[in-house]
Amino acid sequence: MIDISERAQAHFQRLLSQQGDDDLGIRVRVVHAGTPSAQCELEFCSTAELAGDEWTVECTGFNLYVDGESARWLDPASIDYETTETGSQLNIRAPRIKGEAPGEGAGLIERVQFVLESEIAPQIASHGGRISLVEVAAGNIVVLRFGGGCHGCGMVDVTLKNGVEKTLRERIPEITEVRDVTDHETGEQPYFAKSAG
């Protein structure tokens with residue numbers, strides 16, 4: 001079911017030891033399961049707070065409790081605590097939580113929407129931005145609109161070409177072009193302000 005690396009277990013042990021309660025474990029659950037906005041939530045949990053339908057994963061020094069309704073979305077999943085030159089980060093990889101990708105017979109709009117919501121939108125949201133599909137025009141041209149921090153952002157062209165278009169065309173090769181129809185002059189809180197000149 002869930003593979004928890006030794007580094008992640010050590011990280012959880014450190015967090016739990018700071019709480020001063022030997023009865024605490026870690027509970028994991030999926031919110032918005034089966035949708036493109038699905039995500040995992042972790043929280044401290046005492047045994048008195050358990051509902052009784054959790055799956056218990058015994059770890060070194062603590063238990064991880066998997067919410068009963070979330071279990072099927074987390075099979076398989078992995079939790080790791082990765083350290084890089086810029087810092088450390090807990091990573092949860094759960095490929096099934098967003099549901100199944102549209103099948104071969106799915107239409108182009110459905111496939112574009114899935115890639116936008118499952119892969120691209122979360123990255124853009126990390127900068128306070130939003131992205132939405134306006135249409136798939138003749139010739140398989142994907143037309144998008146940006147919002148939030150991407151609306152008026154000085155780097156939106158880079159995001160569009162090197163991020164959004166690259167990802168969409170890799171996942172859906174029949175896409176010929178990706179266009180942005182956002183009026184970026186009206187953006188009020190861009191992530192990167194456009195330089196004057």
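Within the 3.5 Å criterion, the main-chain N or O of Thr47 finds a donor-acceptor partner in the side chain of Asp23. Between the Arg179 side chain and the Ile141 main chain, no donor and acceptor come within less than 3.5 Å of each other.
Connection of Trp73 to Val31 is not established within any shared hydrophobic cluster, with ILVMFWY side chains joined at heavy-atom distances below 4.5 Å, either directly or through further cluster members. In the hydrophobic cluster analysis, where Ile, Leu, Val, Met, Phe, Trp and Tyr join through side-chain heavy atoms closer than 4.5 angstrom, Ile109 is grouped together with Ile175. No single ILVMFWY cluster, assembled from side-chain heavy atoms under 4.5 Å apart, contains both Phe114 and Ile131. Under the 4.5 Å side-chain heavy-atom criterion for Ile, Leu, Val, Met, Phe, Trp and Tyr, Leu24 and Trp55 are members of the same hydrophobic cluster.
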> Are Val156 and Thr182 close enough, and set up right, to give a side-chain contact (heavy atoms from CB on, under 4.5 Å), and what steps lead you there?
Replying inline: CA-CA 10 Å; Val156 75; Thr182 311; over 6 Å; no
>> Checking Asn140 against Thr176 for the side chain to side chain donor-acceptor pair (under 3.5 Å) test, could you report, in this order, the C-alpha distance in whole Å, the side-chain angles of both residues, the deciding distance, and whether it holds?
In response: CA-CA 6 Å; Asn140 294 342; Thr176 58; over 6 Å; no
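Residues Cys153 and Thr159 are not in side-chain contact: their nearest non-hydrogen atoms beyond the backbone lie 4.5 Å or more apart. Two residues are said to be in side-chain contact when any heavy atoms from C-beta on lie closer than 4.5 Å; Ile26 and Tyr65 fail this criterion. Side-chain atoms of His184 and Phe146, non-hydrogen and from C-beta on, do get closer than 4.5 Å to each other. Looking at Val66 and Glu54, their side chains never come closer than 4.5 Å, going by heavy atoms from C-beta outward. Side-chain contact between Ile2 and Val28 is present, with at least one heavy-atom pair separated by less than 4.5 Å. For the pair Tyr81/Arg14, a side-chain contact is recorded, criterion being any heavy-atom separation below 4.5 Å from C-beta on. Within the 4.5 Å cutoff, no side-chain heavy atoms of Val142 are placed close to those of Val164.
Between Arg96 and Asp75 there is no salt bridge, since no side-chain nitrogen of the basic residue lies less than 4.0 Å from a carboxylate oxygen of the acidic one. Using a 4.0 Å cut-off between charged nitrogen and carboxylate oxygen, Arg29 and Glu43 count as a salt-bridge pair.
No side-chain N or O of Asp21 forms a donor-acceptor pair with one of Gln19 less than 3.5 Å apart.
One finds the CD atom of Gln9 at 4.0 Å from the OG1 atom of Thr60 (value rounded to the nearest 0.5 Å). To the nearest 0.5 Å, atom CZ of residue Phe12 and atom CD1 of residue Ile79 are 5.0 Å apart. Residue Leu15 holds its CG atom at 9.5 Å from CZ of Phe62, rounded to the nearest 0.5 Å. Distance NE2/His151 to OG1/Thr186: 3.0 Å, rounded to 0.5 Å. Distance check: Leu144 CG to Leu160 CG gives 7.0 Å after rounding to the nearest 0.5 Å. Atoms CD1 and CD, from Ile124 and Glu119 in turn, are 12.0 Å apart once rounded to the nearest 0.5 Å.
Counting all heavy atoms, side chain and backbone alike, Val178 lies closest to Glu165 at N-OE2, 3.3 Å. The shortest non-hydrogen separation linking Ile97 to Ala38 is O-CB, 3.2 Å. Of all heavy-atom pairs spanning Gln89 and Asn91, the tightest one is NE2-OD1, 2.8 Å. The nearest pair of heavy atoms linking Pro95 to Pro76 is CD-O, 3.6 Å. Between Cys45 and Leu50, the shortest heavy-atom contact is SG-CD2, 3.4 Å. Taking every heavy atom of both residues into account, Leu74 and Cys40 meet most closely at CD2-SG, 3.7 Å.
The environment of Glu170 atom CD is dense: over 12 non-hydrogen atoms of other residues, nucleotides or ligands sit within 6.0 angstrom. The 12-atom threshold is not exceeded at CD of Glu6, counting heavy atoms of other residues, nucleotides or ligands nearer than 6.0 Å. Atom CD of Glu69 is surrounded by 12 or fewer heavy atoms from other residues, nucleotides or ligands within 6.0 Å. Within a 6.0 Å sphere centred on CD of Glu174, other residues, nucleotides and ligands contribute more than 12 heavy atoms. The environment of NZ in Lys166 is sparse: at most 12 heavy-atom neighbours from other residues, nucleotides or ligands sit within 6.0 Å.
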